[in-house]
Novice: 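Take this structure, written in structure tokens, and hold onto it; I'll ask about it next.
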Amino acid sequence: MSWSKSEEKILLLREQLENCSKEEAIQIKKEIEQLKKDAYSHLDAWDIVCLARHPKRLKAMDLVESLFTDLFEQKGDRLYGEDGALWGGLGSFLGKPVTILAQRKGKTLQENMDCNFGMMNPEGYRKALRLAKQAEKFNRPIITIVDTSGAYPGKGAEERGQAEAIAQCLKQFMTLNVPVITIVLSEGGSGGALALSVSDHIMMLENAIYSILSPEGFASILWKDETRVKEAAKMMELTSKDLYQKGIVDEIIKEPLGGIQENPNFCIEQIRKNLFEQLNKLQAQNEKVRSKNRYEKFRKLGACHE
């Protein structure tokens with residue numbers, strides 16, 4: 001049984017839990033756990049793409065509000081306007097001031113429309129760059145949270161310099177003298193994700209994806225056939241395990257069976273612990289050494305995958 005069909009059955013069983021005896025509840029819970037084990041233990045690449053896009057999956061703002069306190073949002077790029085697809089601002093992580101850049105998706109249609117489904121315009125990347133330079137000035141570590149299918153490809157975005165804005169992020173983040181840590185939460189698509197992923201340490205959720213473009217786009221370009229998305233997903237090697245083996249991501253955050261939505265706190269606590277460890281490690285390094293290591297890390301990635 002596929003994971004999607006199993007999920008439908010699990011939802012029905014959970015509805016039965018509301019009106020059953022204690023003995024029946026025990027049996028139903030056992031059945032649910034077995035279904036989850038059977039369905040989620042052997043996922044293929046396309047299954048993971050679907051899980052990464054699950055409507056109930058944790059969003060960036062859920063993570064921001066769980067990990068950080070004393071949040072203070074800063075808006076605008078001081079050139080054109082505000083981009084709701086990126087939450088940018090200050091916060092405290094276990095008492096330490098940090099700058100946070102989080103690609104934002106919504107939980108409802110209206111919320112998604114307000115933040116353009118997480119697809120950033122040039123203003124968003126310029127805002128990210130403005131806040132990164134501010135963080136460097138005040139010696140604050142930068143935490144980026146990636147969750148986007150890609151940068152917004154609209155005519156207006158191109159006219160206002162979408163490619164140049166992304167390129168400037170890639171260039172400037174490479175040489176920042178403060179620690180930069182990236183969390184790939186769900187989807188990390190194309191240059192729209194890479195612009196916020198030039199960092200000292202990349203941690204990726206187990207059922208997230210990170211790729212040059214979507215499987216649909218890959219199939220459309222390579223074969224002119226979007227129905228071959230499953231084949232494309234496998235060929236692209238976009239899962240956390242694939243990317244960890246290639247050395248592109250540094251760490252995988254384990255998810256419960258069924259995805260992060262089954263037990264968000266389990267993943268949040270892992271992220272909190274690992275984030276604390278990495279921040280301490282990076283802040284202990286000499287800033288010139290840290291920047292040099294970051295630069296060389298990405299140069300080696302390019303060389304070994306040419």
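The residues of the chain are indexed from 1 along the displayed sequence.
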Novice: Do Cys267 and Leu205 make a side-chain contact, defined as non-hydrogen atoms from C-beta onward lying under 4.5 Å apart?
Specialist: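 Yes, at least one pair of side-chain atoms sits under 4.5 Å.
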
Novice: Hydrophobic clusters here meaning ILVMFWY residues chained together by side-chain heavy-atom distances under 4.5 Å, can you tell me if Leu170 and Val249 are in one?
Specialist: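 Looking at the clustering, Val249 is in the same group as Leu170.
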
Novice: side-chain contact (heavy atoms from CB on, under 4.5 Å) with Ala85: which residues, sequence neighbours excluded?
Specialist: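 Partners of Ala85 under the side-chain contact (heavy atoms from CB on, under 4.5 Å) test: Asp83, Met120.
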
Novice: Linking Ile, Leu, Val, Met, Phe, Trp and Tyr through side-chain heavy atoms less than 4.5 Å apart, which residues share a cluster with Phe266?
Specialist: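 Its cluster mates, by chain and number: none.
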
Novice: Out of curiosity, Leu63 CG to Leu58 CG, how far, rounded to the nearest 0.5 Å?
Specialist: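 So the gap between those two atoms works out to 6.0 Å.
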
Novice: Suppose we screen for side-chain contact (heavy atoms from CB on, under 4.5 Å). Which residues come up paired with Thr239, at least two apart in sequence or across chains?
Specialist: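 By the side-chain contact (heavy atoms from CB on, under 4.5 Å) rule, Thr239 matches Ala45, Ile48, Lys241, Asp242.
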
Novice: Heavy-atom count around Lys96 NZ within 6.0 Å, excluding the residue itself: above 12?
Specialist: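 Correct, the count exceeds 12.
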
Novice: Give the intermediate values and the outcome of side-chain contact (heavy atoms from CB on, under 4.5 Å) for residues Arg294 and Leu176.
Specialist: CA-CA 9 Å; Arg294 185 191 311 142; Leu176 289 172; 3.7 Å; yes

Novice: Does some side-chain heavy atom of Tyr80 sit less than 4.5 Å from a side-chain heavy atom of Arg126?
Specialist: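 With C-beta onward as the side chain, the pair stays apart.
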
Novice: For a 4.5 angstrom cut-off between non-hydrogen side-chain atoms, does Ile248 reach Ile202?
Specialist: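 No; the side chains remain at least 4.5 Å from each other.
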
Novice: What pairs with Ala193 under side-chain contact (heavy atoms from CB on, under 4.5 Å), at least two apart in sequence or on another chain?
Specialist: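 So Ala193 forms a side-chain contact (heavy atoms from CB on, under 4.5 Å) with Val146, Thr148, Tyr210.
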
Novice: Looking at CD of Gln285 and NZ of Lys292, how far apart are the two atoms once the value is rounded to the nearest 0.5 Å?
Specialist: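 Going from CD on Gln285 over to NZ on Lys292, the span is 12.0 Å.
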
Novice: Just verifying a value: how many Å separate Leu282 CG and His201 NE2, rounded to the nearest 0.5 Å?
Specialist: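 Reported value, rounded in 0.5 Å steps: 8.0 Å.
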
Novice: Nearest heavy-atom pair of Arg104 and Cys115: which atoms, and what distance?
Specialist: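 Minimum heavy-atom separation between Arg104 and Cys115: O-SG, 3.3 Å.
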
Novice: Short question: side chain of Arg160, backbone of Gly156 - any donor-acceptor pair under 3.5 Å?
Specialist: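 A pair under 3.5 Å: yes.
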
Novice: State plainly whether one hydrophobic cluster holds both Trp87 and Ile145, where clusters connect Ile, Leu, Val, Met, Phe, Trp and Tyr through side-chain heavy atoms under 4.5 angstrom apart.
Specialist: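 Cluster IDs for Trp87 and Ile145 match.
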
Novice: If you define the side chain from C-beta out and look only at heavy atoms, does anything of Thr175 sit under 4.5 Å from Ser291?
Specialist: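 No; the side chains remain at least 4.5 Å from each other.
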
Novice: Tell me whether Leu79 is reachable from Leu131 by hopping between hydrophobic residues (I, L, V, M, F, W, Y) whose side-chain heavy atoms are closer than 4.5 Å.
Specialist: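 Different clusters: Leu131 never reaches Leu79 through Ile, Leu, Val, Met, Phe, Trp or Tyr contacts under 4.5 Å.
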
Novice: What are the two closest non-hydrogen atoms of Leu71 and Gly91, and how far apart are they?
Specialist: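 Of all heavy-atom pairs spanning Leu71 and Gly91, the closest is CD2-CA, 4.2 Å.
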
Novice: Working to the nearest 0.5 Å, report the span between CD1 of Ile100 and OG1 of Thr144.
Specialist: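 The CD1 atom of Ile100 sits 11.0 Å away from the OG1 atom of Thr144.
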
Novice: For Pro97, does its backbone N or O pair with a side-chain atom of Ser92 as donor and acceptor, under 3.5 Å?
Specialist: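 Absent.
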
Novice: Between the main-chain N or O of Arg57 and the side-chain N or O of Lys59, is there a donor-acceptor pair closer than 3.5 Å?
Specialist: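 Answer holds: yes.
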
Novice: From Lys107 NZ over to Met61 CE, what is the distance, rounded to the nearest 0.5 angstrom?
Specialist: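 Atom-to-atom, Lys107:NZ and Met61:CE are 10.0 Å apart.
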
Novice: Taking side chain as C-beta onward, heavy atoms only, is Ile260 less than 4.5 Å from Asn207?
Specialist: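 Answer no - side chains too far apart.
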
Novice: Which distance, rounded to the nearest 0.5 Å, do you find between the CZ of Phe93 and the OG1 of Thr99?
Specialist: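 Result: 14.5 Å between the selected atoms.
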
Novice: With sequence neighbours excluded, give me every ring-ring contact (aromatic ring centres under 6.0 Å, His included) pair touching residues 116-170.
Specialist: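 Sorted pair list comes back empty.
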
Novice: Taking side-chain contact (heavy atoms from CB on, under 4.5 Å) as the test, write out the residues that go with Glu82, two or more places apart.
Specialist: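 Residues passing side-chain contact (heavy atoms from CB on, under 4.5 Å) with Glu82: Glu73, Lys75, Lys127.
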
Novice: Between Gln283 and Arg290, does a side-chain hydrogen bond (donor to acceptor under 3.5 Å, both in side chains) hold up when you go through it step by step?
Specialist: CA-CA 9 Å; Gln283 286 184 305; Arg290 187 171 55 230; over 6 Å; no

